[in-house]
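These notes are about the structure you will find just below.
Computed from a prediction, not measured in an experiment: that's the story for all the values here. Values reported hereafter were calculated over all heavy atoms of this structure, with side chains retained and with hydrogens, waters and symmetry mates removed. Order of appearance sets the numbers: ligands from 1, and atoms from 1 within every ligand.
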Amino acid sequence: MRRGGDTRLQPGGGNGAGMSEAPKFSVDLSGQVAVVTGAGRGIGRSIALALAQAGARVIAVARTQKDLDELCAAAEGQMEGWAADVLDEGFYRRIEGMERIDILVNNAGGNRPMPMVEVDCETLDSLIALNIRSVYLTAQAAARRMVAQGKGVIINMSSQMGHVGSPRRTVYCMTKHAVEGLTKAMAVELGPQGVRVVSVAPTFVVTPMTEPMFADPDFSKFVFDRIPMGKLAQPEDVAAAVLFLASPAAALINGDSLKVDGGWTAQ
Ligand code: NAD
């Protein structure tokens with residue numbers, strides 16, 4: 001979707017730069033085991049497909065079996081689906097019990113945009129539970145395994161809202177700033193044990209989570225006015241950043257946040 005161009009939202013439709021469902025650059029992750037949470041749709045789906053295409057054995061985590069079946073059928077490479085809720089304690093035990101885990105993409109998350117004065121306790125608690133508590137406990141479970149292996153990379157899905165504030169997003173911004181803090185502190189603590197921890201911070205990405213928001217022309221203008229590149233991110237743009245950070249090319253990148261925001265936060 002590009003300002004002044006075709007305004008239809010095209011999930012998975014590429015960003016006009018010739019990208020298809022998986023980023024077109026070569027990363028070899030063969031022999032590595034990757035877990036991607038929230039992989040049933042949106043950004044997580046694209047990341048899972050990209051990691052599998054790069055040769056990793058991918059465990060895709062989502063709550064809906066049908067989404068997992070479709071994803072596994074679409075994958076070029078090794079993909080296994082785990083129907084699980086990232087809020088469940090049993091999920092963390094299952095991660096800890098894995099024989100090995102080289103890459104965790106801690107992607108599951110959500111948002112409920114609303115004015116701060118209207119935020120209720122249920123909304124606050126739900127978003128903290130999903131965007132902070134589950135991210136922490138999933139990262140902790142993977143870290144236990146990775147420390148025992150002496151190797152691994154954890155990629156936390158943050159947002160440009162983990163770096164700046166924005167209206168109707170007090171809870172979301174708070175939780176994504178927390179993710180950035182977790183990334184830095186884990187990187188400092190676990191780096192000496194061979195585990196890298198990084199964040200990816202996208203601008204608005206065309207996904208089922210954001211699509212309804214762009215039905216509002218005022219919101220659409222607000223967003224495009226703030227992205228110097230004049231277009232939204234596609235899931236493939238985020239998957240490309242994840243692929244790079246998971247790869248040996250990023251071996252010394254630790255505790256950083258890679259913004260995929262078209263320049264939103266540079267202003
Ligand atoms: P989405 O709503 O399209 O997908 C979120 C995924 O997480 C879905 O597969 C959903 O089923 C899963 N999920 C939610 N709760 C879960 C739970 N309890 N257990 C297991 N899975 C669960 O959202 P998305 O846009 O693909 O977002 C993915 C991540 O990217 C989130 O962390 C989000 O905050 C972040 N992000 C999104 C955007 C955007 O514009 N879409 C921008 C920046 C960051």
Open item on the list: Considering only residues two or more places apart or on different chains, which pairs with a residue in residues 249-267 satisfy salt bridge (Lys or Arg N to Asp or Glu O under 4.0 Å)?
Closed with: none
Task: Neighbouring protein residues of ligand 1 - any heavy atom closer than 4.0 Å - done: Gly38, Gly40, Arg41, Gly42, Ile43, Arg63, Ala84, Asp85, Val86, Leu87, Asn107, Ala108, Gly109, Leu130, Met157, Ser158, Ser159, Tyr172, Lys176, Pro202, Thr203, Phe204, Val205, Thr207, Pro208, Met209, Thr210
Open item on the list: Hydrogens and angles aside, do Glu122 and Ser126 bring a side-chain donor and acceptor to less than 3.5 Å of each other?
Closed with: yes
Could you pull out every donor-acceptor pair under 3.5 Å between side chains of residues 243-253 and any protein atom, sequence neighbours left out?
| unit_1 | atom_1 | unit_2 | atom_2 | d |
| --- | --- | --- | --- | --- |
| Ser247 | OG | Phe244 | O | 2.7 |
| Ser247 | OG | Ala249 | N | 3.2 |

Task: Side-chain donor/acceptor of Arg145 to backbone N/O of Met98, under 3.5 Å - done: yes
Open item on the list: Would a single hydrophobic cluster contain both Leu29 and Met146, if residues Ile, Leu, Val, Met, Phe, Trp and Tyr are joined by side-chain heavy-atom contacts under 4.5 Å?
Closed with: no
Open item on the list: Which residues end up grouped with Ile128 if you chain together Ile, Leu, Val, Met, Phe, Trp and Tyr wherever their side-chain heavy atoms are less than 4.5 Å apart?
Closed with: Met114, Val119, Leu124, Leu127, Ile132, Val171, Met174
